[in-house]
Amino acid sequence: MVKRNPVERLYFKYNAAINKSQCLVEGCSTNLVGKHAANLERHIQKIHPEQYELLAVEKKSQTSSKVSKTTRQGPLDGIVEVRKKIDCVTRLNRSINGINCKFINDSKIKIVTLRMAELLDRHTGHYLKQQVLLVMERYKMSPAQIYSIICDNARNMVKMVDLFNENSENNVEPVDDTDEENISNLEDSNDDVLLRNIQDIISTSDIEMGPLTTSMRCAVHTFQLAICNFMKDHSIQGILSKARKVLTNLWSPQANYLFPLLNNNAKRNIKFQQRWLDKFNWLSYSEKLEGAFCKYCVVFAKSGGKGSQALGSRVKHAFQNWKKALEVFEKHSKHEYHTLSLLKSEQFLKSFSSGQPSIIDILDTERMKQKKENRLNLLPIIECVMLCGRQELALRGHKDAGPICFKTESEPYINEGNFRAILKYKAKDLNHLKHFLESDGRYKYTSAKIQNEIISSAGDILLEKIVKEVNSAKCFSVLADETTDISVKEQLALCVRYVVGSDENVFVCERFLKYIEIYSLTGKDIASTIVNGLNSCGIDCSNMYGQGYDGASNMSGRFKGTQKIVRETCPKALYVHCAAHSLNLAVSTSCDIQAIRNSLGLVEKMYCFLNTPKRKNVLLSVRKCHESDMDTRSKSIKHLCATRWVERYTAINDFVELFPYVIQTLEKICEWNDTTLTDANILMKAMDSEFLISLQVIKVLFSYGLPLCKLLQKVNLDLKEAVDLAEVTVATIQRLRGNITEEFKQLFKEAEKMANILDITISIKRLSKKCTKRANPSINDPEEYYRVTIAIPYIDSFIQQLNERFLCHKNVLKGFQCLFSGTYSDDFDELLQFYLDTDKQIVKAELNLWHAVLNNNGQHPKIQILCSLPVSTATPERTFSCLKRLKTYLRNTMTETRLNGLTMLAVHTDIPLSAEEVLDELAKKPRKLDFVL
């Protein structure tokens, strides 16, 4: 890579470890921070003036060697006055300087290209002046010959001309007047004078006094800036927006609209006719002014008629003479100013609809090319960020700052993070991207700040699409739940449930909206957080018809709970207790029977005892030795889930399958000569007849609850189907209860097999007349004893809890039952009074007609409100799993905005999102790179 300034190479040694440059001039050991060429050169100029003169010679020779050999050679002898044209442009991240010379020779105007070469330093006015002087020296031109310098409006160009007119070129402190225009984005210096008069040129001692040197702005650039400022005017933008609205989105009366009878037409009883709007497509009716207008002439016509007369009716004021309407409308259609307005409107709308380039872009085609090139370079960067977000990958690594370097295979590998690694891998096949990342440009759009903006923009686009669906559905329910993340912050997951689609393609959606950090768990604070969160997303809360939360008192309280406070704002939002939580509470409460509770506790103790590497290896080795004897998929016993009781079926089932191996493992541990011997013996003794019977009963009951729990967590399940599933489960368990004698015999046989492994027999516990802590019937048969004391009480409690927990869901569903049963009830009257304000008799007639159609088709209706009512809060629970994967202990300082954006990308993978959409969203803010097409 070519060094821009030789000062570092000649006089300094840079130490990257401490980021300092040491001066190598004899007798000087100054250390300067960094290796910026301007700072180093300033030190040489002030402290070592002799070395600075040598440095100037070196820089001059370095620059001269870069002068293009393709320019025209030969002095401009005999030319008295010369006009120079100077400009700079960037191509493929290389800055090119062009200098042309315009003069008159033999009575002809000639333009000669003097230079077309790369600029290797910052584009300050001093540097550009040096380049011009080098060209003048090469072509033996005197500054006295320069009559004018034509350039654009950039500050560095104006500064360069000013330097030609200063009294001295020495001891001038460099000023940071670098050209800041991006490719061809021109800067306006707010000077309305197009011709600048410069003072007399005072050159150095060896240059004679010359004529006046004038700086002239390029006329094309000036014209372009004028148009640009005109288009930036907000009033102009407002006029264009209103004109487009008048031409495309103007109010039009419906077919059944009743036009008013005006006073001037009351005698003949003539009104405006709807058919006139159909006949004349340019005609529009104003409800406010009660008259007709030509919408095209209103926007574009300035004058009309003979002698450019001022326009009146149909343009400046409303036309209301309906008697002569057809005659006037026919005549207006033939006017020249109307035809011209029609052509202008067509061209105006075409420029908007077809995406035609603006006047600025037409004048500057290079700007459009650079925009497309910028978009081409930024799209792969956005795609890499989106890929990491979709796959829930961490973007950053140990060293993810600074320029991206493409090292060879022999160089050591540095972990720069997933984003940079994927981007570098992608750049291997995209030469333009690799060149963009390796270039000297400052803006690469790979920094952590830009990553956050891309993630936030992607999340905003997905949220906007979801909100649009929710508002168009006109009916939704809110789902909410809270959890604590890795950084000990309470996060409220906000989700919505709604019906989307039409005709046969109708389905229920549950979508995640955002995480909201909350600082108080009272019902009032959570309710305000939910309502404010929905409003901030842009959702209309007046369409909220349901609330779905867990059964905590702060959420479900009848007086100060979240659901009560939300209903004060949204009265139609019914609260539905999560069905999955209701099932979980039913199972946990029914397990309060002593024998069942003790059995579950012993299984958990067994897991805790064997959950050490040494003891677990014993279990694995025992299982491996007998792997061919028994068919089992389980490899180790699992702990009982602390919250989801139905999920304990897997742990109970695995324990029963591994029971022979567990016993052999405990027997081997009993042979050890350490403290675990006592614990193993205690666990062996604790597995008695009651434990074995309870284990079999738990396994059977949990097997009925597990499928119901999984079905209740489905998104496409409505409240009626949930209640029906619960009733079917209860009916099935009741049949089991009715045939308990036969069913329990099979359970008893399985328990006897396990007892044989333990080398015990199923027996009754010692009976006592004063026993009050457990059942104590006077039964001698062990099978009958355990059926009466364990199986029947547990099944009855299970059925009772299911009926009680799902009673609230049945109450919510009461009013909707007549839609499916075909009978009209008082509950339906209450439902109408709650949701609708209309005549009950009309609704009853519609209901009867509806049932008649349904009986013919054999189909059931999908009621939007009923389908929108929440069934479970499984969707917020699923987002908590995503939260654990995204916000880990290594990423615990993640901000809420970044967390929401990443979660939206990870959760809503079914919503299409392109990098082009994200790039357009980024373009809504001012950027250093111009990529707005």
Side-chain angles (χ1 to χ4, degrees), residues 586-606 630 645 648-649 651-660 662-664 666-667 681-705 729-803:
V587 175
S588 63
T589 306
S590 63
C591 290
D592 283 342
I593 297 175
Q594 182 181 5
I596 302 298
R597 185 175 64 249
N598 293 341
S599 180
L600 292 173
L602 185 57
V603 173
E604 181 67 15
K605 289 290 184 181
M606 196 74 68
M630 298 184 67
W645 282 68
R648 296 186 175 194
Y649 170 79
I652 298 297
N653 185 62
D654 291 350
F655 182 82
V656 172
E657 287 187 359
L658 295 172
F659 186 75
V662 172
I663 300 303
Q664 294 182 39
L666 293 176
E667 290 175 350
N681 280 323
I682 293 174
L683 291 175
M684 288 282 289
K685 297 296 182 182
M687 290 186 286
D688 55 4
S689 301
E690 186 179 75
F691 169 75
L692 300 178
I693 296 294
S694 301
L695 203 62
Q696 293 296 330
V697 175
I698 292 171
K699 180 182 176 183
V700 172
L701 265 295
F702 277 15
S703 65
Y704 287 99
T729 304
V730 171
T732 305
I733 299 176
Q734 285 177 344
R735 286 196 297 269
L736 173 67
R737 172 65 176 86
N739 195 25
I740 187 60
T741 303
E742 297 297 328
E743 295 290 343
F744 190 75
K745 284 183 179 180
Q746 184 64 30
L747 299 179
F748 192 78
K749 289 180 181 179
E750 294 294 331
E752 285 181 334
K753 293 179 182 179
M754 298 176 67
N756 293 333
I757 298 173
L758 276 171
D759 198 17
I760 63 174
T761 57
I762 302 295
S763 59
I764 301 174
K765 286 192 174 184
R766 182 178 61 85
L767 299 179
S768 174
K769 293 182 180 180
K770 296 182 180 181
C771 182
T772 59
K773 299 300 182 182
R774 60 181 174 87
N776 195 22
S778 58
I779 300 175
N780 297 325
D781 183 17
E783 180 180 345
E784 184 180 359
Y785 173 81
Y786 288 114
R787 185 178 70 246
V788 173
T789 58
I790 297 178
I792 293 177
Y794 184 43
I795 295 175
D796 290 343
S797 177
F798 199 91
I799 295 173
Q800 179 187 357
Q801 289 297 324
L802 286 178
N803 288 326

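All values below were derived from every heavy atom in this structure, side-chain atoms included, with hydrogens, water molecules and symmetry-related copies excluded.
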Can you tell if the side chain of Val700 reaches within under 4.5 Å of the side chain of Glu743, non-hydrogen atoms only?
no
Measuring from Thr741:OG1 to Ile792:CD1, what's the distance to the nearest 0.5 Å?
7.0 Å
Side chains of Asp688 and Leu758, heavy atoms from C-beta outward: is any pair under 4.5 Å?
no
For Asn739, does the CG atom sit with more than 12 other heavy atoms under 6.0 Å from it, leaving out its own atoms?
yes
So, taking the atom named CD1 in Ile663 and the one named CE in Met684, what distance separates them when rounded to the nearest 0.5 Å?
5.0 Å
Should Gln800 and Asp796 count as side-chain neighbours, where that means a heavy-atom distance under 4.5 Å?
no
Is there a donor-acceptor contact under 3.5 Å from the side chain of Ser590 to the main chain of Ala586?
yes
Taking the inter-plane angle between the rings of Tyr794 and Phe798 on a 0 to 90° scale, is it parallel (under 30°), tilted (30 to 60°) or perpendicular (over 60°)?
perpendicular
Are any of the side-chain heavy atoms of Tyr786 and Leu747 separated by less than 4.5 Å?
no
In Å and rounded to the nearest 0.5 Å, what is the CD1 to CD1 distance from Ile698 to Ile693?
11.5 Å
In the structure I gave you, are the side-chain heavy atoms of Met606 and Leu666 within less than 4.5 Å of one another anywhere?
yes
Go through the steps for Asp592 and Gln801 under the test side-chain contact (heavy atoms from CB on, under 4.5 Å), then give the verdict.
CA-CA 12 Å; Asp592 283 342; Gln801 289 297 324; over 6 Å; no
Are Leu695 and Leu602 close enough that some pair of their side-chain heavy atoms sits under 4.5 Å apart?
no
Would you please test Val587 and Leu701 for side-chain contact (heavy atoms from CB on, under 4.5 Å) and show each step?
CA-CA 9 Å; Val587 175; Leu701 265 295; over 6 Å; no
